[in-house]
Amino acid sequence: PDQARTIASKMLAEVRAGRDPAQARLADRAAATVAEFAERYEAEYLPGKKPASQEHDRLALKLHILPRLGPKKLAEVAERDVLRLHRDMSNTPVMANRVLALLRNLFGLAQRWEAFDGPNPCVHVKRYREKPRNRFLSYDEFARLGKALAEPTAVDEDDGRAVLENEIDQSRIDRDR
């Protein structure tokens with residue numbers, strides 16, 4: 001009985017303040033979940049990204065974001081939820097940072113598209129420090145690079161020899177000094 005009185009007094013206070021509690025409940029029911037908004041993101045935003053980015057985003061959504069946050073309403077996702085997800089991925093810091101960036105983007109789009117009007121819960125979550133990595137060209141990439149460097153892109157007017165775009169003309173440098 002006391003709990004019912006407390007709820008009734010809160011509702012009465014909302015009515016006196018000019019708000020409609022029934023309308024608020026309807027709006028809450030109609031609010032999008034993370035999974036529903038992710039579908040909209042995939043349909044409307046993802047096609048504008050490069051294919052590799054599309055694949056990465058779909059994978060991050062499927063493996064990390066939707067299993068943890070999918071059923072929650074956008075407004076129910078708190079900073080602590082994002083922190084927990086990010087922390088639980090600490091053994092893969094690069095992927096954790098990519099998931100955080102995708103979530104930040106999702107909530108930013110939800111705000112712009114007026115599907116969500118709360119604060120972005122990802123804003124204050126700090127990224128993990130990433131170790132720089134060395135990347136080496138594959139044989140195929142190395143061959144393509146060699147071919148591209150060997151193709152002339154212009155002809156020098158003075159002596160008629162082929163000039164590569166990236167070739168430095170030492171005489172012009174000396175003349176300009």
Side-chain angles (χ1 to χ4, degrees), residues 3 6-138 140-142 144-145 148:
Q3 190 177 17
T6 304
I7 292 171
S9 65
K10 284 182 183 178
M11 289 179 97
L12 189 58
E14 285 189 40
V15 170
R16 285 184 183 141
R19 292 186 292 272
D20 182 359
Q23 188 65 32
R25 281 194 307 278
L26 285 173
D28 186 47
R29 278 191 216 126
T33 64
V34 173
E36 291 165 348
F37 191 76
E39 285 179 23
R40 182 175 176 193
Y41 171 83
E42 284 191 57
E44 296 180 31
Y45 187 79
L46 210 52
K49 295 180 88 172
K50 293 179 181 177
S53 295
Q54 289 181 25
E55 184 179 335
H56 167 269
D57 285 3
R58 283 191 183 98
L59 194 64
L61 284 165
K62 179 182 175 184
L63 297 178
H64 303 288
I65 296 171
L66 295 179
R68 296 283 293 272
L69 303 174
K72 287 188 168 221
K73 303 266 187 200
L74 290 169
E76 293 173 353
V77 177
E79 185 176 333
R80 70 178 169 277
D81 299 316
V82 178
L83 279 167
R84 192 174 301 122
L85 173 62
H86 195 244
R87 185 192 62 228
D88 290 349
M89 296 180 70
S90 64
N91 59 333
T92 55
V94 174
M95 188 61 181
N97 288 343
R98 301 303 173 270
V99 166
L100 177 62
L102 176 56
L103 261 177
R104 183 178 285 130
N105 191 28
L106 279 173
F107 277 94
L109 284 172
Q111 288 170 328
R112 270 182 258 140
W113 293 347
E114 297 179 358
F116 169 69
D117 63 355
N120 189 326
C122 306
V123 171
H124 299 293
V125 178
K126 292 196 188 321
R127 296 168 36 105
Y128 289 118
R129 181 168 286 157
E130 296 179 19
K131 295 176 186 170
R133 296 182 286 175
N134 290 327
R135 184 183 178 299
F136 300 97
L137 296 177
S138 69
D140 181 52
E141 291 169 327
F142 195 71
R144 287 194 327 235
L145 175 63

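Computed from a predicted model, the values in this text were never measured in an experiment. Just so you know, residue 1 is the first one in the sequence shown, and it goes up from there.
- Once rounded to the nearest 0.5 Å, the distance linking CH2 of Trp113 with CD of Glu44 reads 5.0 Å.
- Contact of the Val77 side chain with the Phe107 side chain is registered, since non-hydrogen atoms from C-beta on lie closer than 4.5 Å.
- In this structure, Tyr41 and Leu102 have side chains that are in contact, with non-hydrogen atoms separated by less than 4.5 Å.
- Heavy-atom contacts from other residues, nucleotides or ligands closer than 6.0 Å to NZ of Lys49 number more than 12.
- Judged purely by atom type and a 3.5 angstrom limit, Asp88 has no side-chain atom pairing as donor or acceptor with the backbone of Leu85.
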Intermediate values then yes/no, side-chain contact (heavy atoms from CB on, under 4.5 Å), Phe116 and Phe37:
CA-CA 10 Å; Phe116 169 69; Phe37 191 76; over 6 Å; no
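- Counting heavy atoms from C-beta on, the side chains of Thr33 and Leu74 never come closer than 4.5 Å.
- The two residues Ala78 and Pro121 make their nearest non-hydrogen contact at C-CB, 3.8 Å.
- For the pair Gln54 and Pro47, the tightest heavy-atom approach, listed with the atom from each and the gap, is NE2-O, 3.5 Å.
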Criterion side-chain contact (heavy atoms from CB on, under 4.5 Å) on Arg87 and Tyr128, from CA distance to verdict
CA-CA 9 Å; Arg87 185 192 62 228; Tyr128 289 118; 4.1 Å; yes
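- Residues forming a side-chain hydrogen bond (donor to acceptor under 3.5 Å, both in side chains) with Arg84 (at least two apart in sequence, or on another chain): none.
- Considering only residues two or more places apart in sequence or on other chains, Glu42 meets the salt bridge (charged side-chain N to carboxylate O under 4.0 Å, His left out) condition with Arg58.
- With values rounded to the nearest 0.5 angstrom, Met95 atom CE is found 12.0 Å from Leu100 atom CG.
- The shortest heavy-atom contact between Leu66 and Pro71 is O-CD, 3.9 Å.
- Atom-to-atom distance recorded for Arg16:CZ and Ser9:OG is 9.5 Å, nearest 0.5 angstrom.
- Among the candidates Lys73, Arg68, Lys72, the single residue satisfying the salt bridge (Lys or Arg N to Asp or Glu O under 4.0 Å) test with Asp81 is Lys72.
- Minimum interatomic distance between Pro67 and Leu63 (heavy atoms only, all atoms of both residues): CG-O, 3.7 Å.
- Listed by first then second residue, pairs satisfying side chain to side chain donor-acceptor pair (under 3.5 Å) with a partner in residues 89-109 read His86-Asn97, Asn97-Glu130, Arg98-Glu130, not counting sequence neighbours.
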Give the C-alpha distance, both sets of side-chain angles, the deciding distance and a yes or no for side-chain contact (heavy atoms from CB on, under 4.5 Å) between Leu106 and Leu61.
CA-CA 11 Å; Leu106 279 173; Leu61 284 165; 3.9 Å; yes
